[in-house]
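First up is the structure itself, then whatever we jot down about it.
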Amino acid sequence: MLLKLPYGEKVIELEVERAEVLKAREVPAVESVREELEGSLDNPISSPDLGRVLKDSRRILLVVPDNTRAFPARSIIPPLLEKMESANPELEVRILVATGLHEEVAEDELKQILGREVVEDYEVINHKASDESRIARIGRRTRFGTPIHVNKLVLESEVVIGAGLIEPHFFAGYSGGRKILLPGVAGEEAILNNHRYRMIDDPRARAGILEGNPIHEDMLEFMTHTKLDFIVNVTIDRERRVTGIFAGDPVKAHLKGVEFLDRYVKIPAREAADIVLTTNGGYPLDRDIYQAVKGMDAASRVVKDGGVIIIASECRDGLGGHEEFLKLVRGAESPEEVLRRIRENEPIYDQWEAQILARILKKAKVILVSDYISERTARDLLLEHARTLEEALEIAYGIVGRDARMVAIPEGPYIIPVIG
């Protein structure tokens, strides 16, 4: 059988004798994104319509995802801004890019993401969590100990609107909603606390779980102490087409989107596999090795103990600015040593990604297929490296044998595999 896998902005192929292929269930794309968006803004979920939300206000903040997310900004943001301006021509709208602890997004890329006119017509600002001059510190903490430190623009604005993508998230349960604030535009200390070892280690801090997930609950509590008045969240299919728009109350609209998505992305596998072949969903999520841990984590849900994960991830940006991630793992003799380093030295930038990688590696070998990550860097991350899918498969056969049971997950972290 021929497997087709998204890799960067192209598709790569592998011929295998047999494999169980796990894919999201088909969901129809919306016929007109603009019409669907306008309908959602006029009839939002558990909220006054957008016009009433903006009435009598002037200083508006629109918070948008950064360049590591597949949020279809060029389809959503321009008509959203038009709707906002028509509802209240007196608005002063600023756009804040929710970078979390990621690198700032360059102006050229902002124009690609949002559209040239948006960047030229509006003030677009990158969040920078480590820049204390931009962070407001409220003298409170959540019950999880996270300090309420957030970008000052959030508190200085009369209305805050969050745009985002709802997709499975490997420790927050799902992206979207409250996540646009924490980690999106939160201060460094707040993000490090929310992502600390004990929180990530909780067995409920997994993709597809919200109830009892401490990371999700911490984000919700953080939101109540800051400001998020209205959200515009979307779901997409494997071709990146919009399948649903969920606007309105930040909690209830997000949950509606999650309920919708669940029907399509929780996919049963017959049994665990010796070899799991996956991706990081293609561009933009597979643009660096740091993000590629998400695809590995999805595969780890259905790989046998002692099995092999093969992940094809382009990683055109290499480490993507996440040098601490590499430093945490480099030189370690085992995944257990990585976990010990984190426990003894936290808080450390990128420790959560290293912690999850170590958790995966305790269960299975991981073979990376990438044109941009060198064999040396892969080895430093305790990964095997292969130039092609065929080479990776031969390495995997050498570990588990040629009669191995194989599962393929072409969409990587965009689905949630479930045994049984």
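The structure presented is a predicted model; accordingly, all values stated were derived computationally and were not measured.
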Exercise. Can E188 and Y349 be said to form a side chain to side chain donor-acceptor pair (under 3.5 Å), step by step?
Worked result: CA-CA 9 Å; E188 178 183 60; Y349 262 46; 2.6 Å; yes
Under the ring-ring contact (aromatic ring centres under 6.0 Å, His included) rule, collect the residues that match up with [X], sequence neighbours excluded.
{"X": "Y290", "result": "H322, F325"}
{"X": "H169", "result": "F171"}
{"X": "F260", "result": "F246, Y264"}

How far does [atom1] of [X] sit from [atom2] of [Y], to the nearest 0.5 angstrom?
{"X": "E107", "Y": "L114", "atom1": "CD", "atom2": "CG", "result": "11.0 Å"}
{"X": "R178", "Y": "T226", "atom1": "CZ", "atom2": "OG1", "result": "13.0 Å"}
{"X": "D249", "Y": "D229", "atom1": "CG", "atom2": "CG", "result": "10.0 Å"}
{"X": "I395", "Y": "I367", "atom1": "CD1", "atom2": "CD1", "result": "5.0 Å"}

Please examine the side chains of [Y] and [X], heavy atoms only from C-beta on, and report whether any two atoms are closer than 4.5 Å.
{"X": "Y122", "Y": "L62", "answer": "no"}
{"X": "V93", "Y": "E85", "answer": "yes"}
{"X": "L339", "Y": "Q355", "answer": "yes"}
{"X": "P44", "Y": "D49", "answer": "yes"}
{"X": "H195", "Y": "P183", "answer": "yes"}

Does [X] have any side chain to side chain donor-acceptor pair (under 3.5 Å) partners at least two apart in sequence or in another chain, and if so, which?
{"X": "D371", "answer": "Y7"}
{"X": "E26", "answer": "R238"}
{"X": "K179", "answer": "none"}

Exercise. For residues 208-243, which residue pairs qualify under ring pair (Phe, Tyr, Trp, His ring centres under 6.0 Å), counting only residues two or more places apart or in two chains?
Worked result: none
Applying side-chain contact (heavy atoms from CB on, under 4.5 Å), can you list everything that pairs with [X], at least two apart in sequence or on another chain?
{"X": "A98", "result": "V63, I180, V185"}
{"X": "I348", "result": "E324, L328, N345, Q351"}
{"X": "I135", "result": "H127, E132, H149"}
{"X": "E82", "result": "R34"}

Donor-acceptor check, side chain of [X] to backbone of [Y], threshold 3.5 angstrom: yes or no?
{"X": "N126", "Y": "V97", "value": "no"}
{"X": "E158", "Y": "R58", "value": "yes"}
{"X": "T235", "Y": "I166", "value": "no"}
{"X": "E36", "Y": "I245", "value": "no"}
{"X": "K363", "Y": "S300", "value": "yes"}
{"X": "S157", "Y": "V159", "value": "no"}

For this session: Please step through side chain to side chain donor-acceptor pair (under 3.5 Å) for the pair T142 and D218, ending with a clear verdict.
Result: CA-CA 7 Å; T142 68; D218 191 38; 2.5 Å; yes
Quick one: do [X] and [Y] make a salt bridge, cutoff under 4.0 Å?
{"X": "E346", "Y": "R198", "value": "no"}
{"X": "E384", "Y": "R379", "value": "yes"}
{"X": "E109", "Y": "R287", "value": "yes"}
{"X": "K327", "Y": "D350", "value": "no"}
{"X": "E120", "Y": "R116", "value": "yes"}
{"X": "D297", "Y": "K294", "value": "no"}

For this session: For residues I77 and A163, report the shortest heavy-atom separation together with the two atoms involved.
Result: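 Taking every non-hydrogen atom into account, CD1-CB, 4.1 Å.
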Problem set entry | E314: salt bridge (Lys or Arg N to Asp or Glu O under 4.0 Å) partners, not counting sequence neighbours |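 If we apply the salt bridge (Lys or Arg N to Asp or Glu O under 4.0 Å) test to E314, skipping adjacent residues, the hits are R316.
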